[in-house]
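Right, one structure below, let's go through it.
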Amino acid sequence: MSEPMAQDEPTAQAEGAAKRRPRPARGAMEALLRIVHGLEVAGIAFGALAAWGVTRDWPAPVAFVAVGVALIATMPLLARPWGWLVSLALQVAVAALTAFEPVWGVVALVLIGLWIYCFVKARGIERRRRASGLDPRGAPGT
């Protein structure tokens, strides 16, 4: 009796997958900057813990958390053509956290260097795709 149910289950899953909207293609810029934002959020989480452990003063961890939340909240904006400008502004905020925790300056330099590298690499990928007559918003490797 339970066998007919087992056969219907994959069909129901396939129908559910067919009803979902396909995920929009992400360009190289969006994909790489999302990765950098994720790494920065992880670093900021540890930075907030370190700032709290060192200072036991509220402004420092709150500033770290505010920048982390801003990085997460602005990820959907990276899909826009001007999204990299928002990301650039947030890199300034990441660097500004050095005022609360001086050691963060070293981490900020590494993260901002990674952002610059990913930005330049993504521009190159999208430029090559346009020159080849391909959609620049396609997957970087295709």
Q) Does the side-chain contact (heavy atoms from CB on, under 4.5 Å) test come out yes or no for Thr98 and Val103, once each step is laid out? A) CA-CA 7 Å; Thr98 304; Val103 176; over 6 Å; no

For the [atom1] atom of [X] and the [atom2] atom of [Y], what is their distance to the nearest 0.5 Å?
| X | Y | atom1 | atom2 | value |
| --- | --- | --- | --- | --- |
| Met29 | Phe119 | CE | CZ | 4.5 Å |
| Gln91 | Trp84 | CD | CH2 | 12.0 Å |
| Arg34 | Thr74 | CZ | OG1 | 9.5 Å |
| Lys121 | Leu114 | NZ | CG | 13.0 Å |
| Leu78 | Leu32 | CG | CG | 11.0 Å |
| Leu71 | Leu111 | CG | CG | 9.5 Å |

Decide whether [X] and [Y] are clustered together by the hydrophobic rule: side chain heavy atoms of Ile, Leu, Val, Met, Phe, Trp, Tyr closer than 4.5 Å, transitively.
| X | Y | result |
| --- | --- | --- |
| Val62 | Ile44 | no |
| Val110 | Leu97 | no |
| Trp52 | Val107 | no |

Q.
Centroid separation under 6.0 Å, is that true for the rings of Trp104 and Phe100?
A.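 Judged by ring-centre distance (under 6.0 Å), Phe100 and Trp104 do not meet the cut-off.
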
Q. Between Ala48 and Val65, which heavy-atom pair has the shortest distance, and what is it?
A.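 Minimum heavy-atom separation between Ala48 and Val65: CB-CG2, 4.4 Å.
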
**Q.** Over all atoms of both residues, closest heavy-atom pair of Ala95 and Ala108
**A.**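 Heavy atoms only, the tightest pair is CA-CB, 4.2 Å.
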
Q) Can you tell which of Glu40, Glu30, His37 makes a side-chain hydrogen bond (donor to acceptor under 3.5 Å, both in side chains) with Ser87? A)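 Filter result, single survivor: His37.
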
Q. Yes or no on side-chain contact (heavy atoms from CB on, under 4.5 Å) for Trp115 and Leu88, after CA distance, side-chain angles and deciding distance?
A. CA-CA 9 Å; Trp115 186 89; Leu88 178 61; 3.8 Å; yes

Q) Hey, is CH2 on Trp82 packed in by over 12 heavy atoms from elsewhere, all under 6.0 Å? A)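 Atom CH2 in Trp82 is packed in, count exceeds 12.
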
Q: Please check if the side chain of Glu101 supplies one atom and the backbone of Gly47 the other of a donor-acceptor pair under 3.5 Å.
A: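 No, Glu101 side chain to Gly47 backbone: no donor-acceptor pair under 3.5 Å.
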
